[in-house]
Amino acid sequence: MVAAPQYFLGTSAILLALSVLEVQSFQPIVVSSKRLQINNFHQLLHPTFINTKLNAAHVTPSNVKSRRRKKKPSFMKKKQLKNPNELETWRVYGLDVNPDDLFTSSTAEKRTEKDDDSVPPELSYLTPPVLSALLSRLRIKSDFLERDIAKEDLDRISLPSQLKDARVVRRSLDARRRRGSDPKYTYVIDIILTREAVQDLRLSHQPGRIERISGKQTNSENDVSSDKGDRSDSKPKIIIVGAGPAGLFCALSLASSGLFTPILLERGQPVEARGKSIGALIHRREIDPESNFSFGEGGAGTWSDGKLTTRIGRNSGPVRFVLETLVKYGAPKRILVEGGPHLGTDNLVRLLRNMREDLRCVGDGGRNPFWHMVSIYSALLQFPWHNSHIYAFSSVNKFHIEDGQIKSVDAKCTPAIERFTNNDGRKDITLQEESTKHFSGDAVVLATGHSARDVYYELHNSGVELDAKGFAVGFRIEHPQCLINEIQYGKDWGGRVVSAHIFTRKLSTDAANTKHFADDADKSASHTGKLPVASYRLATNEAFDGESNRGAYSFCQCPGGQIVPSSTEEGELCINGMSFSKRDSMWANSALVVTVSPDDPILEKYRLSHGNLAGLEFQREMERKAYELGGGGMRVPVQRLTDFLEKKTSASVPSSSYRLGVTSAACHDIYPQPLYDALAHAIIHHFDKQMPGFLCDQALLHGVETRTSSPVRVRRDQRSLQASGVDNLFPAGEGAGFAGGIVSAAVDGLLVANAIKTKFSSAHDMSQLFNDDNRASVGFDY
């Protein structure tokens with residue numbers, strides 16, 4: 001007698017059926033989604049059955065009632081939106097465009113070459129190839145672009161109906177040659193569209209690719225041209241020491257509030273007269289210890305490349321505010337869009353003059369026409385509408401601290417020269433007499449630069465707590481710019497820098513580049529795109545010094561630049577790099593430096609005699625060595641990079657951009673052996689691999705670069721931003737150890753201004769601008 005069949009449902013039926021086969025009294029039946037009945041083991045193993053998906057939920061034996069399948073909503077059915085016309089802003093990242101595509105049409109080229117003031121860069125950079133890349137990412141048809149290109153409408157490229165607006169947020173050049181690929185421009189674009197369009201395009205938040213962002217940021221709290229308070233004499237007086245980025249932005253923020261009277265003290269000359277001091281140094285080798293490449297209005301960054309790169313977030317509110325403020329005072333608008341923005345010395349000079357003029361009048365409800373006839377560099381010429389007082393050529397030499405609170409400062413004031421313009425032309429006026437002035441105030445902002453060593457010693461003697469801080473030292477290296485173009489762009493693209501007249505207009509530079517790429521002219525002719533002069537950045541954390549690894553990196557790279565002296569005292573030699581806005585010289589230079597930690601063994605002998613100021617004394621000794629090797633007279637010791645690695649003096653040296661003269665010398669003997677070993681290891685095993693061809697006979701080392709950052713930090717409270725143990729003293733910027741460049745120093749100046757507003761006005765809320773995470777330091781450590 002055979003028992004009734006047993007029914008097994010589901011995907012596990014096979015295993016169960018196999019086990020049942022061992023019992024002879026049962027007849028297994030397996031039911032599949034195809035309603036197949038398996039009556040024996042051999043049929044079970046047949047490929048037809050194995051490839052059949054089992055689903056017992058939908059198939060049952062005939063004597064079991066079937067269940068109804070639940071209906072699923074249609075995939076194409078639109079979700080009902082409450083506010084379909086509400087606008088949203090999305091940010092699209094990583095849109096790549098080939099340089100050849102950018103300059104294929106005359107329209108694209110004209111839009112790119114248009115003057116900054118005619119069309120905002122966020123619109124002028126939105127050329128048809130860029131918009132085409134955007135629409136391809138969004139899966140929108142771009143047939144209409146051909147009609148716009150034919151019209152050659154330079155003012156505005158029309159957008160598809162799905163987009164309400166589109167603006168370029170950032171453009172950067174990616175010159176990395178992956179498997180022989182061409183350089184490419186990479187764009188970040190903000191688009192505005194309705195919620196209904198977002199649904200139709202099926203946009204989803206994908207970090208790093210396309211992201212939904214919040215509404216537009218407003219900077220109403222930081223408007224430096226608004227007047228929010230009275231002009232009574234009872235307003236707190238804030239003494240600001242140093243007119244670099246930190247000091248200037250702090251003064252602008254305080255003055256614009258209308259609640260404070262900033263008193264700005266700068267040891268160097270106004271920017272116009274500072275240029276004369278620099279001219280005397282270059283042509284007559286006369287160094288003014290108070291007005292030079294390091295000291296003066298604008299700080300050391302004025303005579304540099306004017307880089308606006310920063311590590312604190314390019315699109316953050318504070319950084320964006322700084323960039324927009326610079327544009328307001330005369331910086332080119334492209335800095336708001338370019339990935340690696342720079343100003344150049346020529347733009348900085350004009351910008352600083354405009355900022356100074358506005359700082360005098362900010363808070364008076366508008367510019368008073370009488371200001372052109374007076375100056376407030378002198379204490380005798382202060383008028384009731386002036387909301388700020390500026391004293392140039394006023395070097396602070398004493399801090400008066402009583403009962404844990406700073407009361408006043410003393411400054412040595414010498415005649416300063418400022419240039420005024422009226423209907424009769426330009427006129428230079430000498431301001432203030434030589435004297436020592438006493439300045440009393442409710443608070444003091446310490447915003448000096450990292451070269452103000454006398455200030456550090458005075459702070460130390462006054463009992464202000466200073467901490468040793470890591471820094472870096474090394475050399476400045478210089479290559480022919482055409483060689484860097486070849487290394488970065490390759491022989492097929494390097495020649496395209498020559499014809500890029502929107503970037504270079506110097507015949508000698510173009511001629512040198514043409515000669516360098518003469519043998520590869522056919523390769524360059526195959527491209528229509530244009531490229532800027534090439535730049536580079538090198539770094540490693542594995543520079544072996546014989547015992548351990550150090551950091552080594554390039555710093556303040558100046559394409560199309562020149563090397564200049566940044567010394568502030570006779571008998572010491574320090575150099576820096578600078579570029580004008582066109583970056584059109586024949587050379588490219590950069591610092592090559594190695595890190596020195598606060599507890600570094602090479603500083604041991606300096607710590608024994610100078611404590612936390614050991615880094616300062618180490619820097620000074622290296623600068624004295626360089627001065628002696630150069631032979632005096634501000635001549636710079638130089639050495640071919642290949643000879644540096646072989647530890648031999650160069651028999652001959654290539655031409656240099658340094659205008660005060662060079663001397664072939666044993667630069668490898670300047671620094672302690674661990675620093676030499678680390679730098680040599682980095683060049684051979686890392687830098688030349690990152691940039692093949694970097695190590696060559698044409699590369700020329702110049703000594704020395706020691707002032708990459710301050711070797712000390714003024715200790716300050718993270719909440720109040722006041723110096724530890726000294727009430728109402730606010731350290732700020734690069735010299736105090738809290739920044740590393742123009743932008744980060746300016747942001748730190750704004751942070752300190754808001755801390756002062758909080759301390760003296762309970763109604764002010766610091767959280768409107770910055771959060772706590774940014775307040776300890778906006779710079780960087782080594």
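- Between H702 and L700, some side-chain heavy-atom pair lies under the 4.5 Å cut-off.
- L95 approaches A133 most closely through the heavy-atom pair CD2-O, 3.7 Å.
- Not counting sequence neighbours, the partners of W493 by the ring pair (Phe, Tyr, Trp, His ring centres under 6.0 Å) test are H527.
- The backbone N or O of L348 sits nowhere less than 3.5 Å from a side-chain atom of T302 that would complete a donor-acceptor pair.
- At a threshold of 4.5 Å between non-hydrogen side-chain atoms, the residues Q269 and D288 do not count as touching.
- Applying the ring pair (Phe, Tyr, Trp, His ring centres under 6.0 Å) criterion to Y536, with sequence neighbours excluded, gives F694.
- No donor-acceptor distance shorter than 3.5 angstrom exists from the side chain of E734 to the backbone of G449, with no hydrogens or angles considered.
- P559 and V533 get closest at one heavy-atom pair: CB-CG2, 3.9 Å.
- Shortest non-hydrogen contact noted between L750 and V322 is CD1-CG2, 3.9 Å.
- Here R353 does not pair with E357 in a salt bridge; the nearest charged N to carboxylate O distance is not below 4.0 Å.
- Under the side-chain hydrogen bond (donor to acceptor under 3.5 Å, both in side chains) criterion, D96 pairs with K184, T186, sequence neighbours left out.
- Taking the charged nitrogens against the carboxylate oxygens, D305 and R583 do have a contact shorter than 4.0 Å, which makes a salt bridge.
- Judged purely by atom type and a 3.5 angstrom limit, R285 uses its side chain to pair as donor or acceptor with the backbone of L660.
- Panel note: side chain S657, backbone W587; no donor-acceptor pair is recorded below 3.5 Å.
- Contact of the V636 side chain with the I563 side chain is not registered, since no non-hydrogen atoms from C-beta on lie closer than 4.5 Å.
- Within the model, atoms CZ of R476 and SG of C574 stand 9.0 Å from one another, a figure rounded to the nearest 0.5 Å.
- Formation of a donor-acceptor pair under 3.5 Å by the E266 side chain with backbone atoms of G296 is found in this model.
- Using modelled atom types, no side-chain atom of N589 and backbone atom of M578 make a donor-acceptor pair closer than 3.5 Å.
- Ring geometry for Y187 versus Y185: interplanar angle of 30 to 60°, hence tilted.
- Looking only at distances, a side-chain donor or acceptor of R274 sits under 3.5 Å from a matching main-chain atom of E297.
- Distance OG/S566 to CD/E705: 6.5 Å, rounded to 0.5 Å.
- Remark: S585 engages no residue in a side-chain hydrogen bond (donor to acceptor under 3.5 Å, both in side chains) (not counting sequence neighbours).
- Here the closest non-hydrogen pair linking C556 and N576 is SG-OD1, 4.2 Å.
- Under the 3.5 Å distance criterion, the side-chain polar atoms of R267 are left unmatched by any main-chain donor or acceptor of E290.
- At distances below 3.5 Å, not a single donor-acceptor pair connects side-chain atoms of S253 with backbone N or O atoms of C250.
- Here E478 contributes atom CD and M586 contributes atom CE; the two are 10.0 Å apart, rounded to the nearest 0.5 Å.
- If you take CG on L252 and CG on L264, they are separated by 9.5 Å, rounding to the nearest 0.5 Å.
- Checked by atom type and distance alone, the side chain of Q481 pairs as donor or acceptor with a backbone atom of A534 at under 3.5 Å.
- By the ring pair (Phe, Tyr, Trp, His ring centres under 6.0 Å) test, H342 is found to be paired with no residue, residues two or more places apart in sequence or in another chain being considered.
- Every residue meeting the side-chain hydrogen bond (donor to acceptor under 3.5 Å, both in side chains) condition with E486, not counting sequence neighbours, appears here in chain and number order: H516.
- Contact check on R707 versus E623 returns a salt bridge, with a Lys/Arg side-chain nitrogen under 4.0 Å from an Asp/Glu carboxylate oxygen.
- For the atom pair K328 NZ and L323 CG, the distance stands at 15.0 Å (nearest 0.5 Å).
- Ion pairing between K333 and E338 fails under the 4.0 Å rule for side-chain N and carboxylate O.
- Looking only at side-chain heavy atoms (C-beta outward), P565 and L281 come within less than 4.5 Å of each other.
- Salt-bridge annotation for R356 and D358: absent, with no side-chain N of the basic residue lying under 4.0 Å from a carboxylate O of the acidic one.
- Counting all heavy atoms, side chain and backbone alike, N513 lies closest to G494 at ND2-O, 3.2 Å.
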